[in-house]
Amino acid sequence: MTTNNARYNGKASFEEWKKEWDLEERYNFHKIEEKWQRIWEAEKAYKVEIDKNKEKFYALVEFPYPSGAGLHVGHPRSYTALDVISRKKRMQGFNVLYPMGFDAFGLPAENYAIKTGVHPAVSTKANIENFTRQLKSIGFSFDWDRCINTSSPEYYKWTQWMFIKFFEKGLAYKDKIAINWCPSCKVGLANEEVVNGCCERCGAQVVRKNKEQWMIAITKYADRLISDLDDLDFIERVKSQQVNWIGRSEGAELDFEFGDDKLTVFTTRPDTAFGVTYMVLAPEHEFVQKYMSRFENPAEIQAYVDETAKKSDLQRSQNESKTGVELKGIKAKNPYNGDTIPVFISDYVLTGYGTGAIMAVPAHDQRDYDFAKAFNLPIIQVLDGGDISQHAFEEDGPHINSSFLNGMNKEDGMRAAIDYAVKNGFGRSKVNYKLRDWVFSRQRYWGEPIPMVYCEKCGWQPIPESELPLTLPEVPDYHPNDEGESPLSKAGDWLNATCPKCGGHARRETDTMPNWAGSSWYFLRYCDPHNDKEFASKEALDYWMNVDWYNGGMEHTTLHLLYSRFWHKFLHDCGLVPTKEPYNKRTSHGMILAENGEKMSKSRGNVINPDDIIDAYGADTFRLYEMFIGPFDQVAMWSDESLMGVYRFVNKVYGLFAKVDKTLQPSTDDLRQMHKTILDVTDRIDQMKFNTAVSSLMTYVNYLSGKEKIAAELYTALLKLMSPFTPHLAEEMWARMGNDTLIVAESWPKGDKALAQDNVVTMAVQVCGKMRGTIEVPAESSREDIEKAALNLDNVKRQIEGREIKKIIVVPKKIVNIVA
RNA sequence: GCGGGCGUGGUGAAAUUGGCAGACACGCUAGACUUAGGAUCUAGUGUCGUGAGACGUGUGGGUUCAAGUCCCUCCGCCCGCACCA
């Protein structure tokens, strides 16, 4: 497979080729990196197939959206980290799948089309080519034969197919709900895409808009999305953020009499029901309009409802004090004690959570307390403790003023209160979630068409599987409109379809899917990317799944990461994938900031372009610097000066080759340094402590630099250890050492703990915990010898003079502490 | 408010998980080689002190022969969620 021509850069033999290199003393990274990238590609060095004789390892990084700006220095932090891990695993004999692709649907391409008229498919293609060129120039070990593109019909055919599965199982449904509408992007957003009441993408303030939307019932999976986290090796902050986002709370639903109707509330503290002094409905609650004619103050009520409707969620949450209006004319009755209590509407009660109505316990909830103070309502303490003349008492205490609950603690009180409600038919225990169903419609062009048609007679119907993929039609222009109609509504004939059920006329859905759709299952497609019969074969899924290690940004924790776990679980329930979770291990990298600690952005003009760095210092230096920049999981500041330090190091490694003497045998000291380094680097890569893995390589190189001549074995080990970080340089020097194999296919060196052991150790000697000197003793010295050596130090003698030695603590190979 | 995390030199950071604090690198200082240097090499570099030495991991306390590491107190910073009943 290897052609000497490719390997030896056009020269007939290794000897001839080597001669040319001997003339070149400078580290010519341009030449080296280009050469090895060409050879890897020609030899398909990173191509991977199912091989049941080998243990598989599936490494995954989040595939990029191919923006016009190209790669920034943040992408390669994640990609290099898993490239290092993948390369090491490969050398350790694993069958490694490390794929790359493009999450290619999205708004920027569409906005660009609106501005320039260039079809999104055209600009996306150009951007993907640019990204591919950049990624290849960094020398990642991706299997490019598996590259996927979510905007290609061969791919989104299966995204649409899966949507139909959601529909068939009743998890995709159309509903008219108040959604988050971004007036700037003119598109509806999922809850997860709203940050502080603003559009995650453009920052415009989100407003409420009632629209018919496709929804996917992710809430049905809420409990499993929490409980199944237990068995996963996810970093803690990812787990806790997901749990937090899903927001499970246990409590009860209680029915209060409201006129001759029933008003149901959700509460996490039914045991405080004897402290209820009033109730509050969200202004949007259905009872407000339903009983408007029976209220004594309808004008006042309607005015408040209208005022609230005008406010954004952000404004609503920024209220300084509590506002509201009493619903005069109808009272409620507390089912626990029969008390008649007033009912209010207030915007501090949210329509989307629980039942949109609450029982207010002002003594033990600060919000209710504030409202009660503002409206002069009674405050009844039912838990002992605190000082409710000042503020609500929100901690736990024994029940008081609570009839049969008196004296009970929280746990018993809860149980007793719910039992009583159940027995008397006015309540039941209930679990509530903050998580909402997934708003799945986007009023946009550049996304997957939703494969549904509407028939007047039969309602919404999925198109037959034989018609997939339902490809995007051409449209005269890409503008969305203010009414929230997708550009696809201008697609003319495309809109007309036949109802698959009755054969009558039907109209196509014109909304498209959110950009999270394609990325929700892309890791499955990598297993079998060219399959045109299935989204992936059972054989491929059985062999490759799960993803063993997934690295990506924290910003996707409650978006992509949650969506894709849910999507995968759904496919599992359908019997389509073998596992219930997609990712075994999830880690996350810190952001890379500009030199002054600011975020890199086009507007600040502080963006570092990887192309420039690679051109000036080479891909190997760039890769190594990204790994050395700081702890992988923390934010890091870019520094040109630190980059220079890494460049110097790479040059040093290159220069050491001149000292290699193949006739020389390594000394025991040499071997000790080598094995120490092997053990350190191996261990630190596994733990993602890349910065310290690099520093131990530096320490080793400093050791080798101090020698006149270097035994070949020592340099070879260095090259192997460096090959995951600086693959081009390692490959080059490996060839110059006279090898005609690829170092990336060589085996990873094995560290020998016994050989790494020092036979003479330096031990610290303390007197009463204070450092007074060091002793050098053989590693296996007896306790007596160590004590004798320690007590023999001049400095120690001086310190203990005239004092009685009470105790000597000896920790072998570490420390001696003389207590006097 | 709730949840997660952090605090170590001039700077980025290490510390085998309770055992010589500051590895590695940047920067700086001095010197060498240079026509020159964002090049290279050598030495130094936590603070105070000529020195022996003393002090030193945000604050104050505790456990221990021994604490950056464990426990308690307070202060400060970052991230996520946030009127979620």
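Just so you know, these numbers come straight off a predicted model, no measurement behind them. Every chain is numbered from 1 and lettered A, B, ... according to where its sequence line falls, protein lines coming before strand lines.
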(message) Strictly below 4.0 Å, N to O, side chains only: are A/R586 and A/E236 in salt-bridge contact?
(response) no

(message) Could you tell me how far apart A/I235 (CD1) and B/C79 (C1') are, to the nearest whole angstrom?
(response) 12 Å

(request) For B/U59 and B/C72, measure between their C1' atoms and round to the nearest Å. (result) 13 Å

(request) Under 4.0 Å between any heavy atoms, over every strand shown, what does A/I818 touch: base, sugar-phosphate, or nothing? Just pick one. (result) nothing

(request) Inspect the contact between A/K689 and A/D680 and indicate whether a charged nitrogen and a carboxylate oxygen are less than 4.0 angstrom apart. (result) no

(message) What contact category does A/K322 fall into here, base, sugar-phosphate, or nothing, at under 4.0 angstrom with non-hydrogen atoms?
(response) base

(message) Does B/A52 have its OP1 or OP2 closer than 4.0 Å to a side-chain nitrogen or oxygen of A/R772?
(response) no

(request) Supply the atom-to-atom distance A/E595 CD to A/S639 OG, rounded to the nearest 0.5 angstrom. (result) 5.0 Å

(request) Indicate yes or no: does A/E784 engage A/K788 in a salt bridge with an N to O separation below 4.0 Å. (result) no

(request) Take atom NE2 of A/H391 and atom C1' of B/G1, then tell me their distance rounded to the nearest Å. (result) 14 Å

(request) May I have the distance from A/D271 (atom CG) to B/A85 (atom C1'), rounded to whole angstrom? (result) 13 Å

(request) Could you tell me whether B/U17 is syn or anti, where syn means a glycosidic angle within 90 degrees of zero? (result) syn

(request) Starting at OG1 of A/T677, measure out to CZ of A/R672 and round the result to the nearest 0.5 Å. (result) 12.0 Å

(request) Could you tell me whether A/V280 contacts a base, only the sugar-phosphate backbone, or nothing, with contacts defined as non-hydrogen atoms closer than 4.0 Å? (result) nothing

(request) Under 4.0 Å between any heavy atoms, over every strand shown, what does A/K770 touch: base, sugar-phosphate, or nothing? Just pick one. (result) sugar-phosphate

(request) Could you tell me the separation between the CG atom of A/N191 and the P atom of B/C81, rounded to a whole number of Å? (result) 12 Å

(message) Taking B/U35 as the reference, what is the distance to B/G12 when you measure between their P atoms (whole Å, please)?
(response) 39 Å

(message) Both atom distances under 3.5 Å, Watson-Crick or G-U wobble: I'd like the secondary structure of RNA chain B as a dot-bracket string, with | for pairs made across strands.
(response) (((((((..(((......[....)))((((((.......))))))(((....)))..(.(((..]....))).))))))))....

(request) Using heavy atoms to find the nearest nucleotide of RNA chain B for A/G356 and A/Q241 separately, return the residue whose nucleotide is more 5′. (result) A/Q241

(message) In terms of relative ring orientation, are A/W638 and A/F622 parallel, tilted or perpendicular, with 30° and 60° separating the classes?
(response) tilted

(request) For B/U73 and B/G3, measure between their P atoms and round to the nearest Å. (result) 15 Å

(message) With nearest nucleotide decided by heavy atoms, which residue, A/D365 or A/K689, maps closer to the 5′ end of RNA chain B?
(response) A/K689

(request) Could you walk me through whether A/Y353 and A/Y433 pass ring-ring contact (aromatic ring centres under 6.0 Å, His included), step by step? (result) CA-CA 8 Å; A/Y353 185 77; A/Y433 302 93; 9.4 Å; no

(message) Distance check, P atoms only: B/C70 and B/G5, in whole angstrom units.
(response) 13 Å

(request) Write down the distance between CG (A/N432) and C1' (B/C83), rounded to a whole number of angstrom. (result) 16 Å

(request) Between protein and nucleotides 18-26 of chain B, map the contacts as a letter string: B base, S sugar-phosphate only, - none, heavy atoms under 4.0 Å, written 5' to 3'. (result) -BB--BBSS

(request) Just compare B/C83, B/A85, B/A14 and give me whichever is closest to any side-chain atom of A/I358. (result) B/A85

(request) Decide, for B/G9, between syn and anti: a glycosidic angle within 90° of 0 counts as syn, anything else as anti. (result) syn

(request) Indicate yes or no: does A/R428 engage A/D255 in a salt bridge with an N to O separation below 4.0 Å. (result) yes

(request) With C1' as the reference atom in both, quote the distance from B/G27 to B/G10 in angstrom, rounded to an integer. (result) 8 Å

(request) Sticking with atom C1', work out how far B/G49 lies from B/C33, rounded to a whole angstrom. (result) 36 Å

(message) Considering every strand and a 4.0 Å limit on heavy-atom distances, what is the contact class for A/R248: base, sugar-phosphate, or nothing?
(response) nothing

(message) Tell me whether the NZ or CZ atom of A/K322 lies within the 45° cone about the ring axis of A/Y348 and under 6.0 Å from its centre.
(response) yes

(request) For B/A15 versus B/U69, give the span between their P atoms, rounded off to a whole number of Å. (result) 15 Å

(request) Go through the steps for A/D758 and A/K676 under the test salt bridge (charged side-chain N to carboxylate O under 4.0 Å, His left out), then give the verdict. (result) CA-CA 10 Å; A/D758 291 314; A/K676 249 186 205 168; 3.3 Å; yes

(message) Tell me the interatomic distance from A/K434, atom NZ, to B/G80, atom P, rounded to whole angstroms.
(response) 15 Å

(request) Round to a whole Å and report the spacing from CD of A/E595 to P of B/U11. (result) 15 Å

(message) With a 3.5 Å distance limit and no angle check, can you tell me whether A/Q242 reaches the backbone of A/T558 through a side-chain donor-acceptor pair?
(response) no

(request) Report which part of the nucleic acid A/N795 touches: base, sugar-phosphate, or nothing (heavy-atom distance under 4.0 Å, all strands). (result) sugar-phosphate

(message) Say we look at B/C6 and B/A54: how far apart would their C1' atoms be, to the nearest angstrom?
(response) 31 Å

(request) Whole angstrom is fine here: how far is it from NZ in A/K373 over to P in B/C83? (result) 24 Å

(message) Test your reading of the model: is there a side-chain donor-acceptor pair from A/H399 to the backbone of A/V382, 3.5 Å cut-off?
(response) no

(request) Classify the nucleic acid contact of A/Y617 as base, sugar-phosphate or nothing, counting any heavy atom under 4.0 Å across all strands shown. (result) base

(message) Quick check on B/A85: is either OP1 or OP2 less than 4.0 Å from any side-chain nitrogen or oxygen of A/Y348?
(response) no

